Amino acid sequence: MISNDLNLFLIFISACIVNNILLIRFIALCSFFGLSNQIETSIGMGMAVIFVMVMSSSVTWIFYNYLLVPFNITFLRTAVFILVIATLVQLEEMYIHKNLPALYKSLGIYLPLITTNCAILAAAFLGIDYKLSFIKNLVYTLGVSSGYTLSIVLFSTIRERIKIAPIPRYFQGYPIAFITASLMSLAFLGFSRLFGL
């Protein structure tokens, strides 16, 4: 649980490590497994998620507190949040397609799927539900997206090592990936109650 009583450092650590969106909350696992075959792709996806998550959570926070709440139409928040996220993803996709064609090609279908990446929508909702101030919401989403990037990059480095390991045929591919992810999740459970979080 994150509250306005925590300082910025503890909010970041809690969002990044203690309550990691992938390995503790198990949100956005589709991109976690789909884009962790190569380190370069994982880093690119992580950077894209950091940008979209921080921007979308900031914009949705403003929309929620200065448009939806004053007009008492908070029931529209899901539709508004998805619209904001989709717009930002389209802008980012156009930028990457024009300036970083190699990264655009490696991300493939997963780049437009950031729109439906549940981690981004979850971070926007959680920042609102925790009733964080704008700055703390910004730090929270930076922590969540950094935790996402940390997890997917660590996972991709392990998967690249697994490719050359002598694994029985029945465990190759996704079975060993799921076993590895579960072991990483257990390792991250060791951070629970870190700094009393």
Side-chain angles (χ1 to χ4, degrees), residues 1-2 10-54 56-57 82 85 89 92 96 102-127 129-130 139-195 197:
M1 181 69 181
I2 294 174
L10 291 180
I11 288 175
F12 182 84
I13 292 297
S14 176
C16 183
I17 296 174
V18 177
N19 295 304
N20 187 280
I21 195 101
L22 286 170
L23 299 173
I24 300 298
R25 292 184 178 264
F26 307 114
I27 298 175
L29 291 178
C30 51
S31 62
F32 181 62
F33 285 103
L35 284 172
S36 55
N37 288 326
Q38 296 178 331
I39 295 174
E40 294 82 14
T41 307
S42 300
I43 292 172
M45 183 66 174
M47 295 299 113
V49 166
I50 287 173
F51 174 77
V52 172
M53 190 178 288
V54 170
S56 64
S57 290
I82 289 174
I85 292 168
V89 169
E92 182 182 36
I96 292 176
L103 178 61
Y104 180 82
K105 189 175 181 181
S106 65
L107 289 175
I109 188 64
Y110 289 99
L111 185 58
L113 287 180
I114 292 177
T115 305
T116 56
N117 188 329
C118 41
I120 293 173
L121 189 60
F125 278 128
L126 290 172
D129 291 342
Y130 290 147
V139 171
Y140 171 73
T141 53
L142 187 61
V144 171
S145 56
S146 297
Y148 178 94
T149 304
L150 174 70
S151 301
I152 198 169
V153 170
L154 283 176
F155 191 50
S156 66
T157 57
I158 294 171
R159 286 185 78 178
E160 286 203 351
R161 299 286 293 182
I162 287 174
K163 284 180 188 173
I164 57 173
I167 305 247
R169 187 167 58 92
Y170 298 110
F171 285 106
Q172 291 177 358
Y174 282 109
I176 194 67
F178 277 97
I179 292 169
T180 305
S182 63
L183 292 174
M184 285 181 66
S185 179
L186 286 173
F188 268 69
L189 272 177
F191 292 116
S192 63
R193 312 307 294 165
L194 180 70
F195 300 121
L197 298 170

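Bear in mind that the values here come from a model prediction, so they are computed numbers and not experimental data.
For an aromatic pair to be called close, the ring centres must be under 6.0 Å apart, and F32 with Y148 fails this.
Ring planes of F178 and Y174: tilted class, angle from 30 to 60°.
Counting all heavy atoms, side chain and backbone alike, A181 lies closest to F33 at CB-CZ, 3.7 Å.
Once rounded to the nearest 0.5 Å, the distance linking OG of S145 with CD1 of I120 reads 9.0 Å. Of the inter-residue distances, the one linking L126 atom CG with R25 atom CZ reads 5.0 Å to the nearest 0.5 angstrom. Rounding to the nearest 0.5 Å gives a distance of 14.5 Å between CD of Q38 and CE of M45. Here F26 contributes atom CZ and S182 contributes atom OG; the two are 9.0 Å apart, rounded to the nearest 0.5 Å. One finds the CG atom of L29 at 6.5 Å from the CG atom of L22 (value rounded to the nearest 0.5 Å). Taken from OG in S14 to CG in N20, the straight-line distance is 10.5 Å, to the nearest 0.5 Å.
With sequence neighbours left out, F125 forms a ring-ring contact (aromatic ring centres under 6.0 Å, His included) with F81. Listed by chain and number, the residues in a side-chain hydrogen bond (donor to acceptor under 3.5 Å, both in side chains) with S56 amount to none (sequence neighbours excluded).
A donor-acceptor pair shorter than 3.5 Å can be found between the side chains of N37 and R159.
Of the listed residues (N19, L23, V18), just one forms a side chain to side chain contact (heavy atoms under 4.5 Å, CB included) with F188, and that residue is L23.
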